[in-house]
Amino acid sequence: MTIQTVSTNKSYGGVQGVYRHASQATGTDMVFSVYVPPHADGAKLPVVWYLSGLTCTHANVTEKGEFRKACAELGLIFVAPDTSPRGADVPGDANNAYDFGLGAGFYVDATQEPFARNYRMWSYVTDELPKLIAGNFPVDAKRQSIMGHSMGGHGALTVALRNPHRFRAASAFAPIVAPSLVPWGTKALTGYLGPNKDAWRGHDTVALIEDGAKFSGFLVDVGEADNFLKEQLKPELLEAACTKAGIPLTLRRQAGYDHSYYFISTFMGDHLHWHAEKLKG
């Protein structure tokens, strides 16, 4: 699997790169970013995966996330894929809605037409892209963790719950924890997976926990001034599910913070230090 370098820039002694490749999973070209911190020749480094939210691409966190200083200090590779397939022949939403179609893949493999051919973001982020990263960057396959924001927080938590032996840590900023119960999620899951709600449970953090999925623990930050907190995010449902299942959860409600990258960048360092502790050894 070959990649094309779009750009590279030196930052904090490491290299921030943006790359493109032809994806078999999505049937399109896909773009992703990777920050590789300074390291000794031959070293294998832990990797943190970051899944972005609605309307985003790899570029949002790459340009606004303020992760590189911490990654350089902690020796972490930081990988940020796109949120959906893109291209002239890729179906979007007829009404150009921000919460379905282009930029809103929800990290599922669609089964419904016309999305089933291209919208295979689950396979892309859990299988194809990890193999590509392992073949082209100095990653330690045994030391991986995952994090995300909003729709990407949903993706990170569900990926971790379904792959608990692969990821040592999982965290999220303002995640959609119960997509089966909120407008963003019900629209996307119906459109991609169909009306049978049993098919949704494998892509719903709270439902997965209710169905017996386990993980070593989560770190979650939400902003108390987030306009989406009550209708779309509902962190109290995650708190209740984790408590009942005995899954450690650190849920921090941050006064005055909203849903934006001002919020994410403020607490990015906290999350990366937490991940680095889990990835030691």
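The heavy-atom pair separating Ser171 from Ala156 by the smallest distance is O-CB, 4.1 Å. Between Ala169 and His275, the shortest heavy-atom contact is CB-ND1, 3.9 Å. Closest of all the heavy-atom pairs between Val125 and Pro81 is CG1-CG, 4.2 Å. The two residues Ser84 and Tyr119 make their nearest non-hydrogen contact at CB-CE2, 4.0 Å. Taking both residues in full, the closest heavy atoms of Val61 and Ala80 are given as CG1-CB, 3.6 Å, listed atom of the first, atom of the second, then distance. Of all heavy-atom pairs between Leu272 and Leu74, the closest is O-CD1, 3.6 Å.
Under a 3.5 Å cut-off, the side chain of Ser150 and the backbone N or O of Gly53 do not form any donor-acceptor pair. Proximity of a side-chain donor or acceptor of Asn118 to a complementary backbone N or O of Thr26 within less than 3.5 Å is detected. A donor-acceptor pair under 3.5 Å links the side-chain atoms of Trp200 to the main chain of Gly194, judged by distance alone. Side chain of Lys214 to backbone of Ala245: a donor-acceptor contact under 3.5 angstrom is found. In this structure, Lys280 contributes its side chain and Ala276 its backbone to no donor-acceptor pair below 3.5 Å. Judged by distance alone, the side chain of Ser52 and the main-chain N or O of Thr83 form no donor-acceptor pair under 3.5 Å. Glu63 contributes no side-chain N or O that, together with a main-chain N or O of Asn60, makes up a donor-acceptor pair within less than 3.5 Å.
Using cut-offs of 30° and 60° on the angle between ring planes, the pair His154 and Phe106 is tilted.
Enclosure of atom CD in Gln24 is not indicated, since only 12 or fewer non-hydrogen atoms of other residues, nucleotides or ligands lie within 6.0 angstrom. Annotation: Asn227, atom CG; neighbour count of heavy atoms from other residues, nucleotides and ligands within 6.0 Å does not exceed 12. In the displayed structure, Asp89 atom CG is contacted under 6.0 Å by at most 12 heavy atoms of other residues, nucleotides or ligands.
Tracing side-chain contacts under 4.5 Å through hydrophobic residues (I, L, V, M, F, W, Y), one reaches Leu193 starting from Phe115; they form part of the same cluster. Both Leu54 and Val220 are part of a single hydrophobic cluster, where members link through side-chain heavy atoms under 4.5 Å apart. Taken together through direct or relayed side-chain contacts under 4.5 Å among Ile, Leu, Val, Met, Phe, Trp and Tyr, Leu208 and Leu189 form part of one hydrophobic cluster. Using a 4.5 Å cut-off between side-chain heavy atoms of Ile, Leu, Val, Met, Phe, Trp and Tyr, with links allowed through other members, Leu233 and Leu51 fall into the same hydrophobic cluster. No single ILVMFWY cluster, assembled from side-chain heavy atoms under 4.5 Å apart, contains both Val159 and Trp274.
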(request) Assess whether side-chain contact (heavy atoms from CB on, under 4.5 Å) is satisfied between Val90 and Leu102, documenting all intermediate values. (result) CA-CA 8 Å; Val90 175; Leu102 188 66; 5.7 Å; no

(message) side-chain contact (heavy atoms from CB on, under 4.5 Å), that's the test. Do Val47 and Leu76 meet it? Break it down for me.
(response) CA-CA 6 Å; Val47 56; Leu76 301 173; over 6 Å; no

(request) Any chance you could lay out the side-chain contact (heavy atoms from CB on, under 4.5 Å) test for Met30 and Arg20, step after step, and finish with the verdict? (result) CA-CA 6 Å; Met30 295 293 288; Arg20 178 184 292 111; over 6 Å; no

(request) Could you give me the CA-CA distance, side-chain angles and deciding distance for His149 and Tyr50, then say whether ring-ring contact (aromatic ring centres under 6.0 Å, His included) is met? (result) CA-CA 8 Å; His149 169 233; Tyr50 180 93; 7.6 Å; no

(request) Let me see the working for Phe263 and Asp221 under side-chain contact (heavy atoms from CB on, under 4.5 Å), right down to the final yes or no. (result) CA-CA 9 Å; Phe263 159 60; Asp221 275 304; 3.9 Å; yes

(request) Show the numbers, then the answer: is there a ring-ring contact (aromatic ring centres under 6.0 Å, His included) between Phe167 and Trp49? (result) CA-CA 10 Å; Phe167 296 98; Trp49 294 84; 7.6 Å; no

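Contact of the Val48 side chain with the Val79 side chain is not registered, since no non-hydrogen atoms from C-beta on lie closer than 4.5 Å. Pro175 is not listed as a side-chain neighbour of Thr205, based on a closest heavy-atom distance of 4.5 Å or more. Between Lys142 and Arg166, every side-chain heavy-atom pair lies at or beyond the 4.5 Å cut-off. In this structure the side chain of Asp29 never reaches within 4.5 angstrom of the side chain of Ser23, judged on heavy atoms. Taking the side chain as every heavy atom from C-beta outward, Thr28 and Arg86 never approach each other to under 4.5 Å. Inter-residue side-chain proximity for Leu219 and His271 is flagged as met; some heavy-atom pair is nearer than 4.5 Å. Residues Tyr19 and Ser7 form no side-chain contact, since every pair of their non-hydrogen atoms from C-beta on lies 4.5 Å or further apart. Taking the side chain as every heavy atom from C-beta outward, Val36 and Pro138 approach each other to under 4.5 Å.
Between the CZ atom of Phe218 and the CG atom of Leu161 there is a distance of 4.0 Å, given to the nearest 0.5 Å. To the nearest 0.5 Å, atoms CG (Asp140) and CD1 (Ile77) are separated by 9.0 Å. For the atom pair OG1 of Thr111 and CZ of Arg120, the computed distance is 10.0 Å after rounding to the nearest 0.5 Å. To the nearest 0.5 Å, atom CD of residue Gln254 and atom OG1 of residue Thr266 are 9.0 Å apart. For the atom pair CD of Glu66 and OH of Tyr262, the computed distance is 10.0 Å after rounding to the nearest 0.5 Å. With values rounded to the nearest 0.5 angstrom, Thr190 atom OG1 is found 8.5 Å from Phe100 atom CZ.
Side-chain contact, Thr158 with His203: no donor N or O sits under 3.5 Å from an acceptor N or O. Checking Arg68 against Gln16 by side-chain atom types alone, a donor-acceptor pair falls below 3.5 Å. Counted by atom type alone, Tyr192 and Trp122 present zero donor-acceptor pairs between their side chains at under 3.5 Å. For Ser180 and Asp204, the side-chain atoms include at least one donor-acceptor pair closer than 3.5 Å. Side-chain contact of Asn9 with Ser11: a donor-acceptor pair under 3.5 Å is absent, judged by distance alone. In summary, the side chains of Asp82 and Thr57 do not present any donor paired with an acceptor at a separation below 3.5 Å, with no hydrogens or angles considered.
We find that Glu210 and Arg201 are joined by a salt bridge, their nearest charged nitrogen and carboxylate oxygen being less than 4.0 Å apart. Lys131 has no carboxylate O lying under 4.0 Å from a charged side-chain N of Glu128, or vice versa, which leaves the two without a salt bridge. Salt-bridge formation is detected for the pair Asp270/Arg252: a Lys NZ or Arg NE/NH1/NH2 atom is positioned less than 4.0 Å from an Asp or Glu carboxylate oxygen.
Checking each of Phe173, Phe67, Tyr257, Tyr261 against Phe267 for a ring pair (Phe, Tyr, Trp, His ring centres under 6.0 Å) leaves exactly one that passes, namely Tyr257.
Ring centroid separation for the pair Phe32 and His58 does not come in under the 6.0 Å cut-off.
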